[in-house]
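The analysis underlying the following values was restricted to heavy atoms, covering all of them including side chains, and did not include hydrogens, waters or symmetry mates.
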Amino acid sequence: MPKMIISVDGVVIGQVALAKDRTTLGRRAYNDIVIDNLAVSGEHAVLHMSDGEVQIEDLNSTNGTYVNALAVQKQTLEDNDVIEVGGCRIHFRARSNLAVGASSSTRTAPGEFSTSIPLSSAPTESGALIELGVPMLRVLSGGSDNHDVPLQKVVTTIGKPGVAVAVVTRRRQGYVAASVMGDVTLNGAVLGTDAVALQERDVLELGGATRMQFLRV
């Protein structure tokens, strides 16, 4: 099954296995592949799959769709093609069992990933299979327990205004957290306005009530 590996600023934010004949891509929430980036149009492009081939079609997007750095309106994709929409790079894999960086007779786009990425999978309501490689915050208490907050944006704001607020920011090296206002702690220690790197299973506590754990699922 073909798949798309999506990255922003060199950071992989997810993978999508193409399980449908028609898969839409854009900023609006109703798309099969949602990319929350203002440079991406609400309905940016569509992927057509037929007889084992995948074709991408630009939907008259504002900033265009590029394949291997060339603007396209409609084009059949080949293994290792690199699609660019807005600020996102999407690495196309013709076979989902082909590990990223594995030796192959096909061409390899420069700057792409050199290691395989372990991911879990979950079906969406639209039928596309999304393999989640996005770190998340899991609410442990003070809200809906075991509620996951995917860290898909560059900056994610958490907490309650007027009580305690923190931000989690994605950087090239990983994720960092910083306090904006109120009583915010990281693993029991006071978190200030200076960004601190997050490690697996770190616990953020806001206002002495809401506890959230940083996980990579």
Side-chain angles (χ1 to χ4, degrees), residues 5-16 25-44 61-63 84-90 113 117-122 124-126 130-217:
I5 303 172
I6 306 169
S7 66
V8 176
D9 295 331
V11 178
V12 175
I13 64 172
Q15 297 192 19
V16 179
L25 182 153
R27 195 176 70 254
R28 301 298 183 190
Y30 50 72
N31 287 286
D32 298 315
I33 302 175
V34 179
I35 300 178
D36 188 10
N37 187 311
L38 291 177
V40 177
S41 296
E43 299 175 358
H44 197 105
S61 64
T62 300
N63 295 312
E84 294 182 71
V85 292
C88 299
R89 289 164 63 86
I90 304 174
F113 316 106
I117 305 163
L119 300 166
S120 59
S121 305
T124 66
E125 292 181 359
S126 63
I130 298 182
E131 299 177 273
L132 301 176
V134 184
M136 63 181 61
L137 292 172
R138 174 162 294 172
V139 178
L140 302 178
S141 63
S144 300
D145 291 354
N146 295 322
H147 172 66
D148 294 335
V149 180
L151 300 174
Q152 296 175 315
K153 300 179 181 180
V154 175
V155 178
T156 300
T157 303
I158 56 175
K160 185 177 181 180
V163 179
V165 177
V167 292
V168 176
T169 305
R170 183 180 70 236
R171 293 182 177 174
R172 185 177 295 276
Q173 297 84 357
Y175 285 77
V176 297
S179 174
V180 175
M181 65 160 292
D183 180 16
V184 181
T185 64
L186 176 63
N187 300 324
V190 175
L191 181 65
T193 56
D194 292 334
V196 176
L198 289 175
Q199 305 296 329
E200 181 80 10
R201 299 191 178 280
D202 277 354
V203 175
L204 286 162
E205 186 169 341
L206 299 96
T210 302
R211 297 176 69 246
M212 310 178 78
Q213 187 173 46
F214 177 70
L215 297 172
R216 295 178 183 272
V217 178

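Residues Leu206 and Lys160 have side chains not in contact (no heavy-atom distance under 4.5 Å, counting atoms from C-beta outward). Taking 4.5 Å as the limit, every side-chain heavy atom of Thr62 sits out of range of all side-chain heavy atoms of Val40. The shortest distance between side-chain heavy atoms of Phe214 and Val168 does not fall below 4.5 Å.
In this structure, CG in Leu137 is found 11.5 Å from OG1 in Thr210, a value given to the nearest 0.5 Å. With values rounded to the nearest 0.5 angstrom, Ser61 atom OG is found 11.5 Å from Arg27 atom CZ. Here the CG atom belonging to Leu38 is positioned 10.5 Å from the CG atom belonging to Asn63, to the nearest 0.5 angstrom. Taking OG of Ser141 as the start and CD of Glu205 as the end, the distance is 7.0 Å to the nearest 0.5 Å. Of the inter-residue distances, the one linking Ile5 atom CD1 with Gln15 atom CD reads 4.5 Å to the nearest 0.5 angstrom. In this structure, the separation between OG on Ser41 and CD1 on Ile35 is 11.0 Å, given to the nearest 0.5 Å.
Contacts of Gln213 classified as side chain to side chain contact (heavy atoms under 4.5 Å, CB included), with partners at least two apart in sequence or in another chain: Leu140, Arg201, Val203, Leu215. For Thr156, there are no side chain to side chain donor-acceptor pair (under 3.5 Å) partners, not counting sequence neighbours. Checked against side chain to side chain contact (heavy atoms under 4.5 Å, CB included), Ala195 has the following partners two or more places apart in sequence or in another chain: Arg171, Val176. Listed by chain and number, the residues in a side chain to side chain donor-acceptor pair (under 3.5 Å) with Glu43 are Tyr30 (sequence neighbours excluded). With sequence neighbours excluded, the residues that form a side chain to side chain donor-acceptor pair (under 3.5 Å) with Asp202 are Asn187. Remark: Thr157 engages Val165, Val167 in a side chain to side chain contact (heavy atoms under 4.5 Å, CB included) (not counting sequence neighbours).
Of all heavy-atom pairs spanning Val34 and Arg28, the tightest one is CG2-O, 3.5 Å.
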Donor-acceptor pairs under 3.5 angstrom involving side-chain atoms of residues 178-186: please list them, not counting sequence neighbours.
none

**OP:** Just do the side chain to side chain contact (heavy atoms under 4.5 Å, CB included) check on Thr169 and Tyr175 with the steps written out, would you?
**Re:** CA-CA 6 Å; Thr169 305; Tyr175 285 77; over 6 Å; no
